[in-house]
Protein chains: 2
Amino acid sequence: MASTQPCERLSPCNGTKMDYAEFIKYVDITKEDIYRGTLEENRERIRVKKEATVIKNLEKIFDATLRIANKKGFQAMTMRDLSLETGLSMGALYSYFTSKEDLLETLQSQHRAMTRQIFEKCVGEAQACSLKLRAALKAYLFMSEVMQPWFFFSFMEAKNLANPEREKTLAGDIYSDMAFAEILRQGQTEGVFVPHDHHLVAGAIKALLQDWFLKRKKYAKLNIAIDDYAKLVLDLVEGYLTPPRAPA
Amino acid sequence: MASTQPCERLSPCNGTKMDYAEFIKYVDITKEDIYRGTLEENRERIRVKKEATVIKNLEKIFDATLRIANKKGFQAMTMRDLSLETGLSMGALYSYFTSKEDLLETLQSQHRAMTRQIFEKCVGEAQACSLKLRAALKAYLFMSEVMQPWFFFSFMEAKNLANPEREKTLAGDIYSDMAFAEILRQGQTEGVFVPHDHHLVAGAIKALLQDWFLKRKKYAKLNIAIDDYAKLVLDLVEGYLTPPRAPA
DNA sequence: GTCTATATACGGATAGAC
DNA sequence: GTCTATCCGTATATAGAC
């Protein structure tokens, strides 16, 4: 709304030095945009009219669902659990979605929309391959931290989706794999990285990044900060991709 | 039974060159021992007497459970699904466990017993740290391949367990983390590896290894062989732990 | 040991009052 | 918009025949 110049907008992509603190601010802005956007799309299914009410309750419902489902699984969560946790009655819940499965799909699609949009914005602008790699890596990692419950949920419940939705989630996963692989390919072409299997290394990067949101508690217990973790992954990958200095 | 000398037994640990093919033979031997052992332990709960029948049906039940649950989740699997898939009636099923939850726990404990025993046997004998690291890494990876459904199941359903069992599974996970960390610590002490955070790097190794059983289909589609994957992980980790050669 | 038939309860979903 | 009360299918688990 405020007339800000483009350059005023935080731009985490242009920096190899971006850390998590900077990233948070950037994401909080865009997350609301996306959230509101998705609600518009799904407006048909929602019987409640007043927008403020919808936003408030949907957030309650999403939060509660993620909390319960990430503890004992979405299937094991009953609508009565959800009713208790949100403070909304069964009837009220069902005015925000048509079925339990519908709720699952909405959550997944919301997650896809958020991640894809943020990820693209973060990686898009970067220039040199090595910077691009760092930008993509941090974008994914930091995103998974801000939205940890979403990432965890999406990963764990992906296989339980029915087919049209299952494919979409899979596609989203492949998409980020491809994004990494493409950066690697480009880097190899330019001679910045040593020859390697792009898809294999891209997969390894993703595996390392996903571990952060899959085992968040473990890392908290070990007192490992996210910026340190980002550095480890970068060091591992760059050590592999960057040729050891030739003897003088 | 046959009087074989100890040295005749396959010993995958002594080799940096061990590959997957060798490993399979080794594991097939021990897996049956363990299997039979666990059955002895749980004998009380099982109402069926004839041992051959028990073994045959338990294997059917375990296989079917893993197949169904890994597709749509253990909670979503009904006992009728299981009855259909095994060819056993509901009544027959319940003579092998007391409840659905009991089945879940039996599976998890069976998995813990198998992995722990094999892992220890594989790592125990190795000597130098760098060899030990390779042995442990391959032991875990190859094990997860031979018993992929078990590993996948255990990972995905861990959070759905009730507390006494949940703790045990967590402990098993920490155990292998510690095993790696201990090797790393020793290696650093001996000056073989550069200084690093043992637990952090151990976690990274595990993350890479687990990706193999979590996304087996992806790797199959990419035509990546397990021995190649082992090499990638080793290269990544050794590149990080081993100092770049000093300029001549 | 395994089957069929069934008791019992629980979960998803809705109707209709407020 | 939200609640309470309730319907109905389905899931776990068992009883008892063979």
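As the structure is a computational prediction, the values presented were derived from the model and not from experiment. These values consider heavy atoms only, across backbone and side chains, with no hydrogens, waters or symmetry-generated copies.
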> What nucleotide among dA13(D), dT2(C), dA13(C) has an atom nearest to a side-chain atom of N57(B)?
Replying inline: dT2(C)

> OP1 or OP2 of dT14(C) sitting under 4.0 Å from any side-chain N/O of Y94(A)?
Replying inline: no

> Can the ring centres of W150(B) and F62(B) be said to be less than 6.0 Å apart?
Replying inline: yes

> Rounding to a whole Å, what distance do you find between R47(A):CZ and dC3(D):P?
Replying inline: 13 Å

> Whole-Å distance between dT2(C) P and K60(B) NZ?
Replying inline: 8 Å

> Among side-chain atoms of Q210(B) and K215(B), is any donor-acceptor pair under 3.5 angstrom?
Replying inline: no

> So what does Y96(B) hit on the nucleic acid, given a heavy-atom distance under 4.0 Å: a base, only sugar-phosphate, or nothing?
Replying inline: sugar-phosphate

>> Using a strict heavy-atom distance below 4.0 Å, which residues from residues 70-89 of chain A are in contact with DNA chain D?
In response: R80(A), G87(A), L88(A), S89(A)

>> Nearest whole Å is fine: how far is dA13(D) P from K100(B) NZ?
In response: 8 Å

Do any side-chain atoms of residues 167-175 of chain B form donor-acceptor pairs under 3.5 angstrom with protein atoms, and if so which ones, sequence neighbours left out?
from    : atom 1 : to      : atom 2 : distance (Å)
K168(B) : NZ     : E165(B) : OE2    : 3.2
T169(B) : OG1    : R112(B) : NH1    : 3.3
T169(B) : OG1    : E165(B) : O      : 3.4
D173(B) : OD1    : K206(B) : NZ     : 3.1
Y175(B) : OH     : E120(B) : OE2    : 3.0

> In whole angstrom, what separates E101(A)'s CD from dG11(C)'s P?
Replying inline: 18 Å

> If you look only at pairs with a residue in residues 68-97 of chain B, which of them pass as a salt bridge (Lys or Arg N to Asp or Glu O under 4.0 Å), with sequence neighbours excluded?
Replying inline: R67(B)-E85(B), K72(B)-D81(B)

> Does a side-chain heavy-atom distance below 4.5 Å link M156(A) with L214(A)?
Replying inline: yes

>> Classify the ring geometry of Y26(A) against F23(A): parallel below 30°, tilted from 30° to 60°, perpendicular beyond 60°.
In response: tilted

>> From C-beta outward on M90(B), which listed nucleotide comes closest to its side chain: dT2(C), dT14(D), dG12(C)?
In response: dT14(D)

> Rounded to the Å, how far apart are L93(A) CG and dA13(C) C1'?
Replying inline: 11 Å

